[in-house]
Each structure stands twice: as structure tokens, then as C-alpha cells.
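A short write-up of the structure that comes next.
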Number of protein chains: 2
Amino acid sequence: MAQTETKEQSTRTRIVEASAELFRRHGYAGTGVKAIVASSTSTYGSLYHFFPGGKEELGVVALRSGGETYRRLVEAFYTEGADVVVATNSFFEGAAIVVEMTGFADACPIATVALEVADTSEPMRQAAAEAFESWLAVLEKRFSEAGMDPARAREVAVELFCAIEGAFLLSRTIRSTEPIKIAGRACSAAVGAAVGRTQVASRNRRAKRARNVIP
Amino acid sequence: MAQTETKEQSTRTRIVEASAELFRRHGYAGTGVKAIVASSTSTYGSLYHFFPGGKEELGVVALRSGGETYRRLVEAFYTEGADVVVATNSFFEGAAIVVEMTGFADACPIATVALEVADTSEPMRQAAAEAFESWLAVLEKRFSEAGMDPARAREVAVELFCAIEGAFLLSRTIRSTEPIKIAGRACSAAVGAAVGRTQVASRNRRAKRARNVIP
DNA sequence: GACCTCCTGGATAGATCAATCTAGTATTGT
DNA sequence: ACAATACTAGATTGATCTATCCAGGAGGTC
């Protein structure tokens, strides 16, 4: 068990990655098992061997996989001790570049499926929820460390999440990165304000309060 | 033609409304024509009589219909001359109530389908884009009237859009209205700041500039 | 009443769907 | 070497999908 997997990806991995990509791009219902088999150069036999729960199990695993990958991406921008305003700026800029480079196809690995299955498949809904919460947890942690009080850190994390997800939706739909750039500027400013960065002087009252809590 | 339609809805209308609801809840690919026929108490014959383009034409029409309905909803909150901060607050509060009342099923009438078809069906993508832009146009207009310069009004409109759409996504996924409330507070504050509302004194520089442009 | 257009009803076709099944080939442990 | 297990292969099944088709009802016009 747990074989070494040196050179090429295992069949299982290929299936999960192909699923994640197809689900993200065309949605859950819009992706056929046949397409997954073809795209992963595997077979029905292999797919149902590794995922006896069928398409839905594959959906859950793909959401977890995409969620995990994206969480690492968030962590790569919001590193420990990094300036959260700079990180926010970079994160949105990076997102805009990726979205544009993939022809407005790849944005959030979860959102498309999450909306589709939110009241259709409870296991998948939960997997999506856990993915989202794991991203929020990273942001909350960094924002707390940067001086926000925990409740405020949660709020700002949620605001940032909403901004980027809404921007992804609008960007993919109108085929322009403008929304990501606008949301990025707004979020960087909001994070700066919440963390007590100068910019606008009297905005600091709330942030100063926060910094007293976490010295 | 254009018959009076006094008491009960026309078959065509019933089909469009059933489609819009089913697409919004379960997505485009996740909704079968059979389900639309059943839910609208019509038949295949009627459906393909009114929509010879089949499911895709129905998708376009449903997006337009949902977009129009929601645009009117936005206009009902952001009435001419209304306080944009109050309107923003009410809008998010209303959204939270609706989302909760429908058991986290009904939020945005466009988003689910928009993400699904963004790089699958060009006619549907365009219909979704037009719906979104029509909402943004309403917000832009009101924000301009409230004293923001046009470019800034567009930005704030986009920020608000992203916030509510992201909040809808997160709310439906984690089954909580918390994100809508957080996003609402943040947006009301941002709108207030952009419009030059006091709250934080020195935030006004940019807004004052804007008010000089539109006296 | 005959005709015409608009709409309804639903059976049916043909494609595609998820999933199963059996037979087979590696790989592993002893 | 042998047996057991892990994985692959893909034809097949029955359900479900979108779309077509045509017979007929409803209502208006001459």
C-alpha cells in the first residue's frame, strides 16, 4: 500500500485530477463519467475500482482535492509573517493572470459545483463547505497575526472570500479581468484599514482596538 | 398575438418561470426538459412550439427573465433619490431573509448557470453577462447620482456585486446567512465612504473630488 | 359551416447517461 | 513456484436524456 509513485502519476491520481478539472469547467452534471475516463486515460473498471461510490464519490474527492490545492495556493501568498496587504494585492493580481491565461475557464475549483449541488447532494455540499472553511481559516489566522482581533479577522476573511468569488463569477461571465482588479484594490484597502495601516488616518480607531487585544 | 392574458399565466410564461426556477436551483445541465414540462404543467409539444431552439434557447430566455426580475428588485431597493447607504443595508438584509426562507435554495437567478455555461454555450454566457451588466448599470446610476464620479461609481457597483454574489455562494454552501450579513455591513460602509458620508472623516478626500464633478 | 392558424398532447426515436459485470493482466507475499 | 490480491479493460444494461413528429383541439375569420 501507499506505493512510491516515482515517475508517472497513479491511475487514481489521474482520475481525480481529470475529474477536478472537468467539474470545475463544466460543472458536475455537465461532466460525464465517460469524459472523465477519456480525459484521464483510464477505464470504467479502474474508475469504479477506486471509487465504488461512483460519480458522487468522485465529486466529493475532486472537491477535497481542489480545495486542498487552492488552500496551499492561498498559503503560498499569505505566508507566515508576510504583509497581509501586499499578500492580498499579489493574490488578486495572480488570480487575474491565471483567469486570463486559461481563457476565463479556470477560476475557483469549487464554486461551479458548489452552487450546482448545494441542495442536491449533501456529501458534496459538505465537501465544498469544508474546502471554503479551510481557506477562510488560513486568512483568519494571518489576519489575526497581523493585529486584527479574531472576530474582525473572520469578518475580513469572509469579505475577501466573497470579493474574489464574486469577481471570478463576473470575470468568467463578461470575459474580462476588470472585476478581479477592482475587487483586489478594494480588498487590499479593506485589509489595510482593518489591520491599522495608515492610508486614511482616522480609520484606525477600530484597528487600534484590535491591536490592544493581541499585543 | 400579444394576447391579453387576464387571469391565468400563459403556457409560455409558465414554461419560462419553471425553467428559471429549476435552472437556478439545480443548474442547467442538472435540469431535464422533462422536469420543466412537469413543473410547468405543459407538454413537450408546447415547449418546442414556443422554443424551437430547445433547451438552450430556453436557457437564454430563462436567464433574461431572471435577470430582468432581479434588476427590478435592485431598482426597488435603490430608488431614485434614495439614500444609497440605507438602500445597500436593506438590500443585503432582504437578501439574507430570502435566502434563509427558501432553505438556502434561491439566491442569485443567474450565477449557477453562468458558471456552468461560461465556456460551454456562448449564447447563454452572453445572456448572463447582459443580466449582470444591467444590474451594475442600475447601481452605477444611483451611485453617480449620489455624488460619486462615474468611474468610481462603476468600481463600487462592481465591488457590491462581487460581495453579494460571493456571499450567496458561501451562504448556500455553508447554510448560514452570516456571510451575507458580513458582506452587507462591509458594503454599506464602503458605499458610505465612497459617497462621502462622514463616519471616518479623512476618507472623504476622494468623495469630495467626485462631488465636484457632478454638482 | 369551412378554413386557417395557433397551440396541445404524448408516443417515440435515437443518443447518451451512470453503473455493472466478467474476464483478464500485473503485482505482491510466502 | 504458487496463490492471493490489486488493478485494468471494455462490452453491456437499463434508465434517462433531448428532440421530433403528427394527430387533433380551440378559437378566430370569411
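So that the names make sense, note that chain A is the first sequence line, chain B the second, and so on, each numbered from 1.
Nearest heavy-atom pair across A/Ile36 and A/Ser19 is CG2-OG, 3.4 Å.
Across residues 58-66 of chain B, not one residue has a non-hydrogen atom less than 4.0 Å from an atom of DNA chain D.
Contact check on B/Arg185 versus A/Glu155 returns a salt bridge, with a Lys/Arg side-chain nitrogen under 4.0 Å from an Asp/Glu carboxylate oxygen. Taking 4.0 Å as the cut-off between side-chain N and carboxylate O, A/Arg71 and A/Glu68 count as a salt-bridged pair. Using a 4.0 Å cut-off between a side-chain N of Lys or Arg and a carboxylate O of Asp or Glu, A/Glu133 and A/Arg154 qualify as a salt bridge. Salt-bridge annotation for B/Asp106 and B/Arg25: present, with a side-chain N of the basic residue lying under 4.0 Å from a carboxylate O of the acidic one. In this structure, B/Arg125 does not pair ionically with B/Asp119, as no charged nitrogen and carboxylate oxygen lie closer than 4.0 Å.
Side chains of A/Tyr78 and A/Thr88: a donor-acceptor N/O pair is present below 3.5 angstrom, by distance only. There is no side-chain donor-acceptor pair under 3.5 Å between A/Glu21 and A/Ser39.
Taking atom CZ of A/Phe51 as the reference point, atom P of D/dC7 lies 11 Å away to the nearest angstrom. Between the P atom of C/dT27 and the NE2 atom of A/His49 lies a distance of 14 Å, rounded to the nearest Å. Put simply, CD1 on A/Ile15 is 10 Å from C1' on D/dT8, counting in whole angstrom units. In this entry the distance linking CG of A/Leu47 with C1' of D/dA6 reads 16 Å, nearest Å. Across the protein-nucleic acid pair, B/Phe50 atom CZ and C/dC7 atom C1' stand 6 Å apart, rounded to whole Å.
As judged by a 4.0 angstrom heavy-atom cut-off over every strand, B/Thr11 is placed among residues touching the sugar-phosphate backbone only.
Among the nucleotides D/dC7, D/dG10, C/dG10, the one closest to any side-chain atom of A/Thr43 is D/dG10.
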| query | What string of B, S and - do you get for nucleotides 12-25 of chain D, 5' to 3', if B is base contact, S is sugar-phosphate-only contact and - is no contact with any protein heavy atom under 4.0 Å? | reply | ------BBB-----
